[in-house]
Amino acid sequence: MAPEFKQDFFSALHGPDSVKLIATTDETGTPHLEEVPSLTFDANGYIVLLEENEYSHTNRNLVGSLWFNRKLSIYVRNGATHQFQAIAKPYKVFITGPVFEEHYRAIRAKRPNAKLSAVWLLEVVHITDENFKTRQAHEDLGRLALIHLDQIARSTAPTPS
């Protein structure tokens with residue numbers, strides 16, 4: 001994981017107004033995108049995903065990703081300037097035991113009717129800063145500076161009086 005982004009990504013992931021999306025793929029490579037407000041970090045640096053629905057697309061795709069070593073993408077946005085994409089892979093899933101029970105009790109304390117199907121630990125492979133200016137600077141690195149003719153025309157056109 002890129003150390004320079006780890007703290008910023010952590011802060012964005014835990015921000016109260018954060019938007020968190022996970023993109024997984026099925027066995028045919030078909031992508032599935034879902035908003036997942038339950039994403040957090042654990043003490044060991046894994047992303048924790050609480051899956052409430054046993055038969056959801058995301059849960060089924062994560063099982064396949066665990067079996068066949070497929071990666072997934074997590075997008076987190078907290079405000080206009082904190083936007084990150086993490087590439088991760090499933091590390092472990094808990095469907096019983098002390099880790100599962102800890103999260104089960106916590107989710108039920110907040111929402112008494114909540115269900116919990118699985119606790120997924122996702123290992124971060126790398127993180128990229130997806131802020132527009134940062135991404136644009138990275139994409140333009142090592143390339144010739146190009147400008148469209150309409151931009152030149154606009155910058156040299158006389159202003160109406």
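The figures here come from the full heavy-atom set of this structure, side chains too, leaving out hydrogens, waters and symmetry mates.
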Side-chain atoms of residues 94-103: list all donor-acceptor pairs with protein atoms under 3.5 Å, sequence neighbours left out, distances to 0.1 Å.
{"from": "E101", "atom 1": "OE2", "to": "R105", "atom 2": "NE", "distance (Å)": "3.0"}
{"from": "E101", "atom 1": "OE2", "to": "R105", "atom 2": "NH2", "distance (Å)": "2.5"}

Problem - Test item: T24 side-chain N/O and L62 main-chain N/O as donor-acceptor pair under 3.5 Å - result: no
Problem - Working for side-chain contact (heavy atoms from CB on, under 4.5 Å), residues L21 and E34 - result: CA-CA 6 Å; L21 304 171; E34 184 176 331; over 6 Å; no
Practice task
Sorted by first residue and then second, give each ring pair (Phe, Tyr, Trp, His ring centres under 6.0 Å) pair with at least one member in residues 42-73; sequence neighbours left out.
Solution key: H32-H57, Y46-Y91
Practice task
Quick one: pull up NZ in K92 and CD in E123 and give me the separation to the nearest 0.5 Å.
Solution key: 11.5 Å
Exercise for the section: Report the C-alpha distance between V19 and V76 in whole Å, list the side-chain angles of each, state the deciding distance to 0.1 Å, and finish with yes or no for side-chain contact (heavy atoms from CB on, under 4.5 Å). Expected result: CA-CA 6 Å; V19 174; V76 179; over 6 Å; no
Exercise for the section: Give a yes-or-no answer on whether the side chains of T30 and T28 include a donor-acceptor pair shorter than 3.5 Å. Expected result: yes
Practice task
For the residue pair L121 and D42, establish whether any side-chain heavy-atom pair is separated by less than 4.5 Å.
Solution key: yes
Exercise for the section: Could you tell me whether the side chain of K115 reaches within less than 4.5 Å of the side chain of N53, counting heavy atoms only? Expected result: no
Fill in the blank from the handout: The reported gap from CG in N78 to CZ in F9 (rounded to nearest 0.5 angstrom) is 11.5 Å
Practice task
Determine whether V36 and V48 fall in the same hydrophobic cluster, where Ile, Leu, Val, Met, Phe, Trp and Tyr are linked whenever their side-chain heavy atoms lie under 4.5 Å apart.
Solution key: no
Practice task
Could you check E51 against T58 for side chain to side chain donor-acceptor pair (under 3.5 Å), going step by step and ending with a plain yes or no?
Solution key: CA-CA 8 Å; E51 180 54 63; T58 297; 5.0 Å; no
Fill in the blank from the handout: side chain to side chain contact (heavy atoms under 4.5 Å, CB included) filter on A114, not counting sequence neighbours, yields E52, I107, R111
Problem - Side chains of Q85 and S73 in contact at under 4.5 Å (non-hydrogen atoms) - result: yes
Practice task
Evaluate the side-chain proximity of N59 to S117: yes if any heavy-atom separation is below 4.5 Å, no if none is.
Solution key: yes
Practice task
Give the cluster check for I74 versus V63: same hydrophobic cluster or not, with ILVMFWY residues linked at side-chain heavy-atom distances below 4.5 Å.
Solution key: yes
Problem - Side-chain heavy atoms of K89 within contact of N69, under 4.5 Å - result: yes
Problem - In one Ile/Leu/Val/Met/Phe/Trp/Tyr side-chain cluster, 4.5 Å: F41, W120 - result: yes
Exercise for the section: Evaluate the side-chain proximity of L122 to L72: yes if any heavy-atom separation is below 4.5 Å, no if none is. Expected result: yes
Exercise for the section: Would you check if the side chain of K20 reaches a backbone N or O of L13 as a donor-acceptor pair within less than 3.5 Å? Expected result: yes
Problem - Minimum heavy-atom distance A86-I127, with the two atoms named - result: CB-CG1, 4.1 Å
Practice task
Could you state whether L66 and V124 fall into the same hydrophobic cluster, counting links through intermediate Ile, Leu, Val, Met, Phe, Trp or Tyr residues with side-chain heavy atoms under 4.5 angstrom apart?
Solution key: yes
Exercise for the section: First locate atom CZ of F10, then atom CD1 of I47, and finally report the distance between them rounded to the nearest 0.5 Å. Expected result: 11.0 Å
Practice task
Keeping the roles fixed (side chain from R77, backbone from H82), state whether a donor-acceptor pair exists under 3.5 Å.
Solution key: no
Practice task
Look up atom CD in Q83 and atom OG in S18, then write down how far apart they are to the nearest 0.5 Å.
Solution key: 11.0 Å
Exercise for the section: Give a yes or no on whether I22 and V93 share a hydrophobic cluster (residues Ile, Leu, Val, Met, Phe, Trp, Tyr; joining criterion: side-chain heavy atoms under 4.5 Å apart). Expected result: yes
Exercise for the section: Side-chain contact test, heavy atoms from C-beta onward, threshold under 4.5 Å: evaluate it for S65 versus K71 and give yes or no. Expected result: no
